[in-house]
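Scroll down for the structure; my scribbles are underneath it.
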Amino acid sequence: MQTRNTSISNASTKGISAQSSSLLKAGSIIYRNIEDVHNVHEYCSKYSTQQPKHLEELYVSTSNNRRDSVMMISPLQGRTISMLVSMKQPKRVLELGCFVGYSALWMAEGLLGNKSPSHITTCEIDKELAESSRNYIEKVGRSNLISVVNKPAQEVLDSWNPEEKLDFVFIDADKGGYWNYYNTILERNLLSPDGIMIVDNTLFYGKVHALEEPMGDKGKSRSIRGVEKYIYNFNKMVSEDKRTEKVILPIFDGLTLIKLAK
Ligand SMILES: C[S@@+](CC[C@H](N)C(=O)[O-])C[C@H]1O[C@@H](n2cnc3c(N)ncnc32)[C@H](O)[C@@H]1O
């Protein structure tokens with residue numbers, strides 16, 4: 001096991017001066033600057049299991065052909081989510097916000113080899129995106145694991161049968177809807193007792209933490225503008241919500257993991 005002293009001496013060999021490394025304290029941020037944060041992300045991506053060919057193809061073609069390709073999760077997030085799915089072995093997975101099907105296909109990777117039957121339902125409000133995702137999912141042989149529903153996320157949640165508990169939910173649709181999606185899942189008791197919700201973009205371009213000022217009562221402020229303010233309010237309300245336990249992970253644009261409180 002690596003000791004604290006070892007990690008400090010490693011830091012020292014990477015160019016941090018003896019003086020600054022001696023200032024490192026438990027819990028302090030150990031990156032020196034923004035390039036370090038970027039390089040660490042690149043390093044983690046490089047040394048994690050690489051994405052399978054059908055995911056790489058979708059990622060590259062979407063990046064090359066769509067101006068809004070940044071909406072896809074990053075491959076590192078994909079691997080993280082897929083890993084969580086494979087550890088959890090969920091029976092029922094729901095995704096809000098399919099886009100081109102990239103994250104749904106990552107979750108399907110995690111379901112491969114699952115001992116019990118499992119299925120992913122992913123919803124997409126845009127008809128053409130729903131159609132093209134469905135086609136690609138079929139083409140790469142995953143339509144037995146993924147159904148694409150061309151419906152608004154709220155409608156899907158409002159009509160979901162509470163008897164069919166969700167074991168894994170990935171929230172990645174319109175950011176202004178996040179709180180309602182989260183709250184509907186809890187109020188309608190849709191999550192299985194050991195289920196997990198994952199929410200994307202909870203650091204939104206690194207702009208959310210910069211809004212550390214009151215944003216109105218529990219996000220009810222209608223004057224809010226900018227997606228980061230929706231996320232700011234969402235994060236604040238979720239953090240204060242006693243119904244759940246949560247952790248925000250700084251992977252790419254931020255992923256929040258949420259489970260029911262014990
Ligand atoms: C950030 S993208 C999802 C990216 C996808 N999860 C991935 O990583 O590959 C958000 C998607 O949600 C869709 N969307 C927006 N509002 C929605 C709503 N109310 N219900 C369902 N889908 C919605 C958008 O059309 C868009 O394709």
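As the structure is a prediction and not an experimental result, all values here were calculated from the model. Nothing fancy with the numbering, it's 1 onward along the sequence. Start at 1 and go down the list; that is how both ligands and their atoms are numbered.
Using a 4.0 Å cut-off between heavy atoms, Glu95 contacts ligand 1 through its side chain alone, with no backbone atom that close. Under 4.0 angstrom from ligand 1, the non-hydrogen atoms of Leu129 all belong to its side chain. The part of Cys98 lying near ligand 1 is the backbone, judged by heavy-atom distances below 4.0 Å. Contacts between Trp106 and ligand 1, counted as non-hydrogen atom pairs separated by less than 4.0 Å, are absent for every part of the residue.
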ask   = Can you list the steps and then say if Thr184 with Gln154 is a side chain to side chain donor-acceptor pair (under 3.5 Å)?
value = CA-CA 8 Å; Thr184 303; Gln154 191 64 50; 3.0 Å; yes

task = For the pair Tyr178 and Tyr230, evaluate ring pair (Phe, Tyr, Trp, His ring centres under 6.0 Å) and give the outcome as yes or no after the intermediate values.
result = CA-CA 8 Å; Tyr178 271 20; Tyr230 284 121; 9.4 Å; no

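Between atom 6 (N) of ligand 1 and the options Ser103, Ala173, Ala153, the minimum heavy-atom separation is to Ser103. Distances from atom 26 (C) of ligand 1 to the heavy atoms of Met107, Glu124, Glu155 put Glu124 nearest.
Distance alone, capped at 3.5 Å, places no donor-acceptor pair between the Lys207 side chain and the Val227 backbone.
A donor atom on one side chain and an acceptor atom on the other are not found under 3.5 Å apart for Ser118 and Gln89. No side-chain N or O of Arg188 forms a donor-acceptor pair with one of Asn161 less than 3.5 Å apart.
Under the salt bridge (Lys or Arg N to Asp or Glu O under 4.0 Å) criterion, Glu131 pairs with Arg134, sequence neighbours left out. Partners of Glu57 by salt bridge (Lys or Arg N to Asp or Glu O under 4.0 Å), not counting sequence neighbours, listed by chain and number: Lys53.
Judged by the shortest distance from any of its heavy atoms, Gly177 lies outside the 4.0 Å radius around the atoms of ligand 1. Remark: distances from the non-hydrogen atoms of Tyr59 to ligand 1 are all 4.0 Å or more.
Between Glu228 and Lys175 there is no salt bridge, since none of the side-chain N atoms of the basic residue sits less than 4.0 Å from a carboxylate O of the acidic one.
Under the 6.0 Å distance and 45° angle rule, Lys229 does not count as a cation-pi partner of Tyr232.
Of the protein's non-hydrogen atoms, Ile125 CG2, 3.5 Å is the one closest to atom 23 (C) of ligand 1. Distance from atom 8 (O) of ligand 1 to its nearest protein heavy atom, with residue and atom name: Ile73 N, 2.9 Å. Among protein heavy atoms, atom 10 (C) of ligand 1 sits closest to Asp172 O, 3.1 Å. Counting protein heavy atoms only, atom 12 (O) of ligand 1 is closest to Gly97 CA, 3.4 Å. Protein heavy atom closest to atom 15 (C) of ligand 1, with residue, atom name and distance, is Asp174 N, 3.8 Å.
Residues Thr62 and Asp68 form no side-chain contact, since every pair of their non-hydrogen atoms from C-beta on lies 4.5 Å or further apart.
Contact atoms of ligand 1 toward Pro152: 20 (N) (distance under 4.0 Å to a heavy atom of the residue). Using a 4.0 Å cut-off to heavy atoms of Phe99, the atoms of ligand 1 that qualify are 2 (S), 3 (C), 4 (C), 5 (C), 27 (O).
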